[in-house]
2 protein chains.
Amino acid sequence: MCGYEPGGHHNRCDCRGARMEGFLQPCLLLLLYEKSTHGYELMESMNRLGLWEGVPDAGAVYRHLRRLEEEGLVRSHWSTSGPGPARRRYEITPEGVDYLHDWAVTIRRNKAALETFLARYEKLFSGHDTDAAKGY
Amino acid sequence: MCGYEPGGHHNRCDCRGARMEGFLQPCLLLLLYEKSTHGYELMESMNRLGLWEGVPDAGAVYRHLRRLEEEGLVRSHWSTSGPGPARRRYEITPEGVDYLHDWAVTIRRNKAALETFLARYEKLFSGHDTDAAKGY
DNA sequence: ACTCCCTATCTGCTATTTACATATGTGTGT
DNA sequence: ACACACATATGTAAATAGCAGATAGGGAGT
């Protein structure tokens with residue numbers, strides 16, 4: 001989830017802070033609540049719905065899903081019907097839904113922090129021709 | 001920045017995802033743009049202004065500041081005037097301001113992702129007595 | 001048959017970060 | 001002397017993301 005684009009006015013790509021560590025997990029739980037499906041489709045949904053910049057790392061997605069299953073927050077079974085290779089189809093458990101609610105609290109709080117940042121930032125730089133303005 | 005509170009309905013504290021990795025750095029740059037000061041006060045400001053849940057880790061703050069200085073995004077000099085121990089007073093450089101603008105782009109994008117998540121979440125659970133609702 | 005590509009899952013490795021603990025030292029109040 | 005707030009710094013462990021690569025099934029074209 002790195003917002004770096006070549007051709008900008010700096011060369012380094014130090015925006016690892018953009019990672020929003022752990023955001024992958026609640027996204028998977030939310031998408032699985034909406035619709036039981038398999039890892040590959042979850043990856044694509046995250047990008048398509050604007051939950052993730054670019055396609056999320058496949059390794060991270062599959063590892064998260066296995067971990068969530070170990071913790072009882074999702075369940076899975078192999079699905080051999082349909083075309084292509086076998087898919088491991090995941091569904092959220094009631095415990096997973098509880099956990100999703102906890103995540104929503106955290107995400108609201110994080111959103112508030114970002115808004116505080118942006119409010120202060122815009123107060124200082126509003127009207128200037130900043131990269132931030134150009135980006136939108 | 002862990003939202004876990006004892007007494008909840010789950011025992012584990014897996015909300016390390018709440019970390020918002022790297023958010024510390026742009027906060028320091030923003031605060032230093034507003035007012036040149038030293039690390040200890042920056043820590044307190046972050047909490048007081050709602051940019052950080054609780055007081056941020058001192059080790060992280062001081063390490064970030066040293067690193068920002070290595071990269072030329074801030075400058076510092078020792079300030080022995082005033083009461084108490086010597087303070088290392090930091091000020092942002094023009095390069096630091098450029099970098100702050102880059103961060104604003106990233107943070108807007110991350111905020112959008114959180115909003116997308118919450119919009120989908122609330123569409124599914126609005127009206128229910130969720131932890132998320134209780135939290136506010 | 002053969003090659004290429006898309007689908008689908010999984011594992012290994014490394015760099016980076018955070019959170020916690022701890023160390024060091026100054027100045028003030030009692 | 002002592003405790004405490006201020007102020008900076010370092011050591012360590014756990015966890016994550018990102019990248020690369022391995023393994024395989026199935027369809028399209030040649």
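Chain letters run A, B, ... following the sequence lines, proteins first and then strands; every chain starts at 1. Because the structure is a prediction, the values reported are computed rather than measured.
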In whole Å, I'd like the distance from the [atom1] atom of [X] to the [atom2] atom of [N].
X	N	atom1	atom2	answer
A/Leu28	D/dT16	CG	C1'	14 Å
A/Asp57	C/dT16	CG	P	17 Å
A/Leu65	C/dC10	CG	P	9 Å
A/Leu68	D/dA15	CG	P	15 Å
B/Glu69	D/dT8	CD	P	12 Å
A/Glu53	D/dA17	CD	P	16 Å
B/Arg66	D/dT10	CZ	P	6 Å
A/Phe23	C/dT17	CZ	C1'	19 Å

Side-chain atoms of residues 74-83 of chain A: list all donor-acceptor pairs with protein atoms under 3.5 Å, sequence neighbours left out, distances to 0.1 Å.
residue	atom	partner	partner atom	Å
A/Ser76	OG	A/Glu69	OE1	3.1
A/Ser76	OG	A/Glu69	OE2	2.9
A/Ser76	OG	A/Arg88	NH1	3.3

Looking for any heavy atom pair under 4.0 Å, which part of the strands does B/Arg63 touch: base, sugar-phosphate only, or nothing?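 The residue B/Arg63 makes base contact.
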I'd like to check the side chain to side chain contact (heavy atoms under 4.5 Å, CB included) partners of A/Ala58; sequence neighbours left out, ordered by chain and number.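 A/Ala58 satisfies side chain to side chain contact (heavy atoms under 4.5 Å, CB included) with A/Met43, A/Tyr62 once adjacent residues are dropped.
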Find every protein N or O atom lying less than 3.5 Å from an N or O atom of nucleotides 4-7 of chain C, and list the pairs.
residue	atom	partner	partner atom	Å
C/dT7	OP2	A/Tyr40	OH	3.4

B/Leu65: which of B/Leu73, B/Leu28, B/Leu24 passes side-chain contact (heavy atoms from CB on, under 4.5 Å):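 It is B/Leu28; the other options fail the test.
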Summary of side chain to side chain donor-acceptor pair (under 3.5 Å) pairs that have at least one residue in residues 26-36 of chain B, sequence neighbours excluded: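 Listed once each, the pairs are A/Arg120-B/Glu34, B/Lys35-B/Glu41.
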Do any side-chain nitrogens or oxygens of [X] fall under 4.0 Å of OP1 or OP2 in [N]?
X	N	value
A/Arg67	D/dT16	yes
A/Tyr62	C/dC10	no
A/His64	D/dT16	no

With sequence neighbours excluded, what pairs up with A/Phe117 under the ring pair (Phe, Tyr, Trp, His ring centres under 6.0 Å) test?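 Scan of A/Phe117 (ring pair (Phe, Tyr, Trp, His ring centres under 6.0 Å), adjacent residues dropped) gives B/Phe23.
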B/Glu71 and B/Arg67: salt bridge (charged side-chain N to carboxylate O under 4.0 Å, His left out), yes or no, with the steps? CA-CA 6 Å; B/Glu71 295 177 350; B/Arg67 174 135 189 261; 3.0 Å; yes
Is it true that B/Lys111 and B/Glu115 have a side-chain N and a carboxylate O under 4.0 angstrom from each other?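 Answer for the salt bridge query: yes.
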5' precedence on DNA chain C between B/Ala60 and A/Met43 (nearest-nucleotide basis):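 So the residue in question is A/Met43.
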